[in-house]
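Remarks on the structure that follows.
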Amino acid sequence: MISQKSFQNQKPTLFLVPTPIGNLNDMTPRALQILEDVDIIYAEDTRVTKNLLSHFNIQKEIRSYHLFNENIVANEIIKILENQKNVAIVSDAGLPLISDPGYLVCKLAIANGFNVVSLPGANAALTALVASGISPERFYFYGFLNHKKSQKKKELKALVDFKDTLIFYEAPHRIKETLLIMYEVFGDRDVVIARELTKMYEEYIRGTLKAVINYDFQEKGEFVIIVGGAKISSEVARLNSLSIDEHYNYYLNIGYNTKDAMKQVASDRNISKSEVYKELINKK
Ligand code: SAM
């Protein structure tokens, strides 16, 4: 067990600092202050971060930290913290670690007893979710699906019975293909495409998968896909496609008594028990 009282100790700190996802006004005063105060900034793409900092007149040493050098750099950052210096991590856009590098050093810093402090700020997934019109009550953030079609389909199939709202990131050249596979796997669920959030050409396309696939939107820019969760499980959908008689017999065959089987069929089909009963009597 480790307790971290972030602002009541003298330990060096690793700050996880969010940056805008398109609109520079979303850079928070606190994020700017921390970037001014830390000793070194580690950035996913040093050029992107240099541009951002020069816009805000901040001059600071920036070093590179990305997925391909994550291991080596994580250890380098720990050494800097050991020298009583504070470090910030930023990604090109949004929150570090969210479909971006940073997890490794975060874990390592915690294990070595340093403070790890996260600043709130811009994030594409949550920004899209809250304005989507699809329930945010419970949601599952998936991030990027596998690029390969067959693998993508497999990953989506594993999500087919999830009742929670699903959130994906997708590249513009794969958006239509991904929507088609989603339609094939999920059926015609509610979906919202959030494009170019916070930028001039921000667009929300709200509809069902079929309607959105048939809509001629610009496959350019950055996309978040929000998909409504499963209303019924795929197994119940399969049973509902049978006759009431077959549906009832399925439950008897797996051990339900007659009363419970009737109750379950009524519940699956969202009809009354007397309707189920009437249908079964008619069959006899
Ligand atoms: N760390 C970022 C965050 O907190 O949202 C996500 C980084 S991930 C590498 C980049 C993906 O996020 C893009 O491919 C896109 O799916 C999504 N994204 C980032 N900015 C966006 C924006 N302005 N509008 C829509 N989606 C965006």
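Indexing begins at 1, ligand by ligand and atom by atom, following the structure's order.
- Other residues, nucleotides and ligands contribute only 12 or fewer heavy atoms inside 6.0 Å of the NZ atom of Lys153.
- When all heavy atoms are compared, the tightest approach of Ala125 to Ile167 is CB-CG2, 3.8 Å.
- Residue contacts with ligand 1, taken as heavy atom pairs separated by less than 4.0 Å, involve Lys199 solely via side-chain atoms from C-beta onward.
- The closest heavy-atom contact to atom 9 (C) of ligand 1, among the options Ser99, Pro172, Pro101, Gly22, comes from Ser99.
- Looking at ligand 1, you won't find any N or O of Ala125 less than 3.5 Å from one of its N or O atoms.
- With a 4.0 Å cut-off on non-hydrogen atoms, Asp100 touches ligand 1 through its side chain and not its backbone.
- For the 3.5 Å distance criterion, the side chains of Ser234 and Asp161 qualify, holding a donor opposite an acceptor.
- Contacts with ligand 1 closer than 4.0 Å are made by backbone heavy atoms (N, CA, C, O) of Ala194 only, the side chain lying farther away.
- Atom 10 (C) of ligand 1 has as its closest protein heavy atom Phe144 CZ, 4.0 Å.
- Taking the ring axis of Phe217 as reference, the NZ or CZ atom of Lys176 stays within 45° of it and closer than 6.0 Å to the ring centre.
- More than 12 non-hydrogen atoms from other residues, nucleotides or ligands lie less than 6.0 angstrom from CZ of Arg238.
- Checked against the 6.0 Å centroid criterion, the rings of Phe162 and Phe186 do not qualify as a close aromatic pair.
- For ligand 1, the atoms closer than 4.0 angstrom to any heavy atom of Leu95 are 1 (N), 3 (C), 4 (O).
- Using a 4.0 angstrom heavy-atom cutoff, Ala93 counts as in contact with ligand 1.
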